[in-house]
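Sequential numbering from 1 along the given sequence is applied to the chain's residues.
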Amino acid sequence: MDSRYVADAGRRRAELARTARWADADAVVREVLEQAAETGGVLPDLVYLPGCAALGIAATEEASAAVAEARRHVVEAMLLTNRGTDRRQAISLVLRALEESGYEDVLTFWCGLMTLLHADEFALAERECATAASLNHWSRFPARRRLLDLIRGRMCALSGKLREARSVLAELAKVPSGCGEVAAIWLVEVFAELGDVSSATDLLHAHGMLGSIAEGRDRPLILAARGAVEFAAGRFEQGLENFIACGRELSGWSVFNPAVVPWRSRAALCASALQRCDLAISLAQDDLMYARSWGTPWTRGAALHALGLARCDEHSAQYLREAVTAILQGTTQSERIRVSFDLGLYHWRRLDFEDARRMLTTARNFADDCESRVWSDRSRVALGRLNGDITTTALTEREALIGGLARAGLSNKEIAEHANLTVRTVEQHLSSVYRKLGISGRSDMAYAMVNPCFSA
């Protein structure tokens, strides 16, 4: 196919997406699909395929008629997935495409497996990976075996098996190739969920994912990973900026489905921590609308969690309970520790101590299961204070001010300028705040300054 034609089609698609003509943008992609019957077409420049840029997957080579047909079907599945409009049809198209391709085409396989993961169909994904692994044209090539391991690591992360995900992805992140970069991005998110901000930040730095993001890299995935780290570190303003930037990138690709990247619900959590309630509610409500359209429990649960924290009214308990139920019922169970913990704290604020104890115990057990030291400690401190085993000392007025500024994401230097103090004095006050609240650092400030289990 003429590369100029594909490039022109890409520009037309991007312009249509920029002006919110989503259906017309998809029509351009389908037009190229029809014109690409002989070669199979090259569509990474026309459809957002998570991880495809970093993996270097392309389809410029000649393709058999069967593979060309499979690619058309799997790209159609990706269009449906990105828009979040017809999950059952997307799954059907993927299964058809994998059979048509005979599992020979890497592009078809990657698109298909990503769609199945976004559709919360892990059993199907595991079956398709097992089928591929049994075939010579997969088992004989290390690059293809690594691809299967990468998908397995991602499934572990999404299903809440964070310890296994960390182990699998850490090995793959050492590979000096596109597979290593995708593994690193997903490993950063695992570290962030575990509360290991230091390891997550080191990994971002090692893979050059801090600062500006070069062309040819998966910008939405990198921005989402950076946002997760900023949120875990308690730097909510920076987290919000990264998630909003991620949303802009995805909008340019006509991607609205939170199963692809749940940027709205995570941005809403940042906005809530910054007490920007109107923004948080708007983001969470939009995410819930798209999540209900797509129909997976996890996306609905993540949106309900964000909405429950954002509203802080008589409906919050209902939203948070529904969030826990949805996440635990679905296959994707990432963020289950945080959702259980936050529901426990909400019950505590409502003086429902038995329910608070039950949910905090659930959060602790999840944290122990995946070896998250930060969340294990956080849950145990909360339970200890709920049971009266741990007491606190009141913060002074100055300590409360400095702690609040740290919680808002200001650096020590910025706090010093705001409070007209030296940086050394700010450090001393923060050390006192951490000691009195029984926390280890800034990553706990989100809970320490607004929740009863950390208040004096």
Residues, nucleotides or ligands: over 12 heavy atoms within 6.0 Å of H205 NE2: no
Heavy-atom pair of closest approach, residues A183 and L172: CB-CB, 3.6 Å
Stepwise salt bridge (Lys or Arg N to Asp or Glu O under 4.0 Å) test for R30 and E76: CA-CA 8 Å; R30 294 186 177 99; E76 180 68 30; 2.8 Å; yes
Polar contact flag, side-chain donor to acceptor under 3.5 angstrom, Y346-D355: no
Heavy-atom pair with the smallest gap, counting every atom of L307 and L288: CD2-CD2, 4.1 Å
Heavy-atom closest contact (A323 atom, V339 atom, distance): CB-CG1, 4.0 Å
Minimum heavy-atom distance G239-C270, with the two atoms named: C-SG, 3.9 Å
Student check: side-chain heavy atoms of D120 and F122 closer than 4.5 Å: yes
Minimum side-chain heavy-atom gap L360-F341 below 4.5 Å: yes
T361 OG1 to L383 CG distance, which is reported to the nearest 0.5 Å: 4.5 Å
Pairs touching residues 164-173 that satisfy side chain to side chain donor-acceptor pair (under 3.5 Å), sequence neighbours left out: R166-E371, E171-K174
T19 side chain to L16 backbone, donor-acceptor under 3.5 Å: yes
Separation between OG of S251 and CD1 of I244, rounded to the nearest 0.5 Å: 11.5 Å
Under 3.5 Å donor-acceptor, N242 side chain and Q238 backbone: yes
E354 vs M359, side-chain contact (heavy atoms from CB on, under 4.5 Å): CA-CA, chis, key distance, verdict: CA-CA 9 Å; E354 187 165 338; M359 293 313 305; over 6 Å; no
side-chain contact (heavy atoms from CB on, under 4.5 Å) partner of H305, the single match among D287, D342, V324: D342
Distance-only side-chain donor-acceptor flag, N257 / H118, under 3.5 Å: no
Straight-line distance of R357 CZ to H347 NE2, nearest 0.5 Å: 12.5 Å
Any E121 side-chain heavy atom under 4.5 Å of T115 side chain: no
N-O pairing of R338 and E193 below 4.0 Å: no
SB check R12 E15 (cutoff 4.0 Å): no
Flag side-chain contact, heavy atom, 4.5 Å: L240 against R276: yes
Backbone of A125 reached by a side-chain donor or acceptor of E128 within 3.5 Å: no
E230 side, atom CD; R235 side, atom CZ - distance, nearest 0.5 Å: 4.0 Å
Under 3.5 Å donor-acceptor, S340 side chain and A363 backbone: no
Candidate pair E335 and R266, rule side-chain contact (heavy atoms from CB on, under 4.5 Å), full reasoning: CA-CA 11 Å; E335 302 179 11; R266 293 173 180 176; 3.0 Å; yes
Under 3.5 Å donor-acceptor, S372 side chain and L194 backbone: yes
S379 side-chain N/O to S376 backbone N/O, donor-acceptor pair under 3.5 Å: no
Nearest-0.5 Å distance that lies between atom CG in L250 and atom SG in C246: 4.5 Å
Side-chain donor/acceptor of W298 to backbone N/O of A326, under 3.5 Å: no
Electrostatic pair D368:R163 at N-O distance under 4.0 angstrom: no
S282 (side chain) donor-acceptor with D278 (main chain) under 3.5 angstrom: no
Pair W22 and F256, ring centroids less than 6.0 Å apart: yes
Within-4.5 Å side-chain heavy-atom neighbours: W253 and R13: yes
Contact check, side chains of L148 and F109, non-hydrogen atoms, under 4.5 Å: yes
S272 side-chain N/O to A268 backbone N/O, donor-acceptor pair under 3.5 Å: yes
Other residues, nucleotides, ligands: >12 heavy atoms within 6.0 Å of R145 CZ: yes
Minimum-distance pair of heavy atoms, taken over all atoms of G211 and R226: O-NH1, 2.6 Å
Close side-chain approach of P50 and V260, heavy atoms under 4.5 Å: yes
Lys/Arg cation over aromatic W375: R378, 6.0 Å, 45° cone: yes
Pair C129-L113, side-chain contact (heavy atoms from CB on, under 4.5 Å): steps then yes or no: CA-CA 8 Å; C129 284; L113 269 292; 3.8 Å; yes
Test item: side-chain donor near acceptor, Q318 and R321, under 3.5 Å: no
Distance (rounded to the nearest 0.5 Å) between L124 CG and L116 CG: 6.0 Å
S159 and Q333: side chain donor to acceptor below 3.5 Å: no
Pair W110-I151, side-chain contact (heavy atoms from CB on, under 4.5 Å): steps then yes or no: CA-CA 9 Å; W110 181 257; I151 293 168; 3.8 Å; yes
Salt bridge (charged side-chain N to carboxylate O under 4.0 Å, His left out) contacts in which one or both residues fall within residues 240-252, not counting sequence neighbours: R219-E249
Residue pair L46 / V29: nearest heavy atoms and the distance that separates them: O-CG2, 3.6 Å
Side chains of T299 and T296, donor plus acceptor under 3.5 Å: yes
Pair R336 + D369, salt bridge at N-O below 4.0 Å: yes
Side chain proximity check, L221 to W186, heavy atoms < 4.5 angstrom: yes
